[in-house]
Each structure stands twice: as structure tokens, then as C-alpha cells.
Amino acid sequence: MSGHAYDHGHTLAGWVGVAVATAGGTVTGLGVISWRPGIWLGLAVTAAAVLITWAMHLTGWGKAPGLRPVTERGLRVRDGAARAGHPDCLGCALAGRRGTPARPGPASGPGVPAARTGSPADLAS
């Protein structure tokens, strides 16, 4: 893809989900213009696209966007963190996989100096 370290999460689960949803939208459109049972069939296929994408994400074929080494960015590379769950991922949370939350930044407390603000004259005194 590109030389950036940030991976946008283009995965096999995403591509398959989009392909199935496109087919469902096409069948729904045909149902609207001519074939009435196509409306319900197309909506069912579109709903199946959501379930297929979710299942593929849970099995490791879907990755969250983020920083990732080049060896883990490929379309055919499974995500090893999927078994434990991704932090802040609705799909993983619905499946009961919570993941480890991202570390919060440094807390301000007695051992952490406060940020200095004001003019240079205020800082000199």
C-alpha cells in the first residue's frame, strides 16, 4: 500500500462484507423496480453481510485501524489480537471480548509538575 506506518484496516472481512452488502443492495433495488420478493431477499442479504463481517472480524480477518508493522498489514494476514478482543471495539464487546484498554496518559498529581503558562515575565519571577 503506502509507506506509512498507519494501517487503515483494509481487511478481508471488510472487502467480503462490502461485496455481500453490494449484492444485497442490488437485489433490493431490483425488488423496488420490478421483482417484489427481491426487496425482502435483498434486505436479508444485506443483514447477512453485517453478520458475515462480524464473524470474520472475530476470527481474526478484520483488524482495527492503527499503527502496525509492515508484516502485519497485508490483506491475508490475520490479527492475533482478535481472540482477546480489541479495545473500544463494539463488535468485540458484543461478543464478550473486552480487550485491554489503551494506556491513559500520565496523570497529573503530586509527582508530576504542572504545565507552565503565562508570559515570560511571569515565569522569571
Side-chain angles (χ1 to χ4, degrees):
M1 312 257 185
S2 67
H4 301 287
Y6 191 84
D7 183 15
H8 291 282
H10 301 288
T11 62
L12 192 59
W15 284 105
V16 168
V18 167
V20 174
T22 301
T26 303
V27 173
T28 303
L30 288 173
V32 168
I33 61 172
S34 64
W35 184 51
R36 292 291 174 206
I39 294 173
W40 301 110
L41 179 63
L43 291 175
V45 171
T46 304
V50 172
L51 297 175
I52 290 169
T53 305
W54 184 36
M56 289 183 74
H57 172 78
L58 293 176
T59 58
W61 291 112
K63 298 176 263 189
L67 295 174
R68 188 171 287 113
V70 177
T71 57
E72 295 179 14
R73 288 189 216 158
L75 187 66
R76 296 181 183 173
V77 177
R78 291 179 84 164
D79 185 14
R83 184 172 295 264
H86 301 106
D88 300 327
C89 175
L90 178 62
C92 290
L94 289 174
R97 300 176 184 180
R98 296 291 176 197
T100 56
R103 288 187 182 181
S108 61
V112 179
R116 295 185 146 201
T117 59
S119 68
D122 292 338
L123 297 175
S125 58

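Quantities reported herein were computed from a predicted structural model and do not represent experimental measurements.
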### Query
Can you name the closest pair of heavy atoms from Gly17 and Ala49 and give their distance?
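Heavy-atom minimum between the residues: O-CB, 3.7 Å.
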### Task
Looking only at non-hydrogen atoms, find the nearest pair between Gly62 and His57 and report the distance.
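Taking every non-hydrogen atom into account, O-ND1, 3.3 Å.
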Verify the cluster assignment for [X] and [Y]: are they in a single hydrophobic cluster under the rule of side-chain heavy atoms below 4.5 Å apart?
X: Ile52; Y: Val18; result: no
X: Val20; Y: Trp61; result: yes
X: Leu58; Y: Leu90; result: yes

Just wondering, do [Y] and [X] contact through their side chains at under 4.5 Å, heavy atoms?
X: Ile39; Y: Val32; value: yes
X: Arg78; Y: Thr59; value: yes
X: Val77; Y: Lys63; value: yes

### Message
Distance check, rounded to the nearest 0.5 Å: Trp54 atom CH2 versus Leu51 atom CG?
### Response
7.5 Å
